[in-house]
Amino acid sequence: MDQQINILGFAGSLRKESYNRALLRAAIEVVPDGAKLEVFELDGIPPFNQDLEVSMPEKVKEFKRKIKAADAILIVTPEANYSIPGVLKNAMDWASRPYGDNSFEAKPVAIMSASTGMLGGARAQYQLRQTFVFLNMYPINRPEVFVTFAAQKFDDKGKLLDQKTKELIGELLKNLVSWTRRLKST
Ligand SMILES: Cc1cc2nc3c(=O)[nH]c(=O)nc-3n(C[C@H](O)[C@H](O)[C@H](O)COP(=O)(O)O)c2cc1C
């Protein structure tokens, strides 16, 4: 039997009713057999300060530990001013440090995004892909999960209503798991 693939997921929004956090919760329901998705909340990660790199805040240490222990990463990003939100970039900057101890090194990764606008966070996703180059992560390309007009796709409890989106998330996770297995076998 194949070994279980452990995915760590985090969303770049701290908002209680965040569509991106809701999208990450929806992903838990469609995790393929043989895989597990754990959610890490970014709340409490302080602004990056290189002076603290040698003795990092506890929450950052925990984040780095969980990333390293995971077989694959799932990032769910909002779009802020055509880019990824500071909350997400800040957390990723911490986890990439100190120099020589990049927790994301060689990790397979998948992205989803939700925005209230008509492009569903597409611009943020492509910016995130640039960051993966320096972090030496291995992103999967398809399917691209852009949740457009997010306010219409969730109910008032944050449950994803859109069937097509659920199917896409399932396909994304399936591809992430098989990509991860392929990388592990090389
Ligand atoms: C500072 C800020 C900038 C934003 N910029 C964009 C943007 O560039 N593109 C976009 O589609 N939505 C933009 N939005 C709208 C977000 O898509 C919307 O607020 C979304 O709900 C944020 O994600 P969340 O629900 O997970 O918190 C912006 C929102 C804020 C607060």
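Whatever order the structure lists them in is the order used to number ligands and atoms, beginning at 1.
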When you compare the side chain of Leu128 with that of Gln125, does any pair of heavy atoms fall below 4.5 Å? no

Would you call Arg65 and Glu62 a salt bridge, taking side-chain N to carboxylate O under 4.0 Å as the test? no

Going by an N to O cut-off under 4.0 Å, is there a salt bridge joining Asp43 and Arg21? yes

Once the angle between the rings of Phe104 and Phe10 is folded into 0 to 90°, is it parallel (under 30°), tilted (30 to 60°) or perpendicular (over 60°)? tilted

Under 4.0 Å from ligand 1, residues with heavy atoms, in chain and number order, are Ser13, Arg15, Ser18, Tyr19, Asn20, Pro78, Glu79, Ala80, Asn81, Tyr82, Ser115, Thr116, Arg123

Closest non-hydrogen atom pair, Pro108 against Leu183: CG-CD1, 3.8 Å

Just by distance, with hydrogens left out, do Gln127 and Ser83 show a side-chain donor and acceptor under 3.5 Å apart? yes

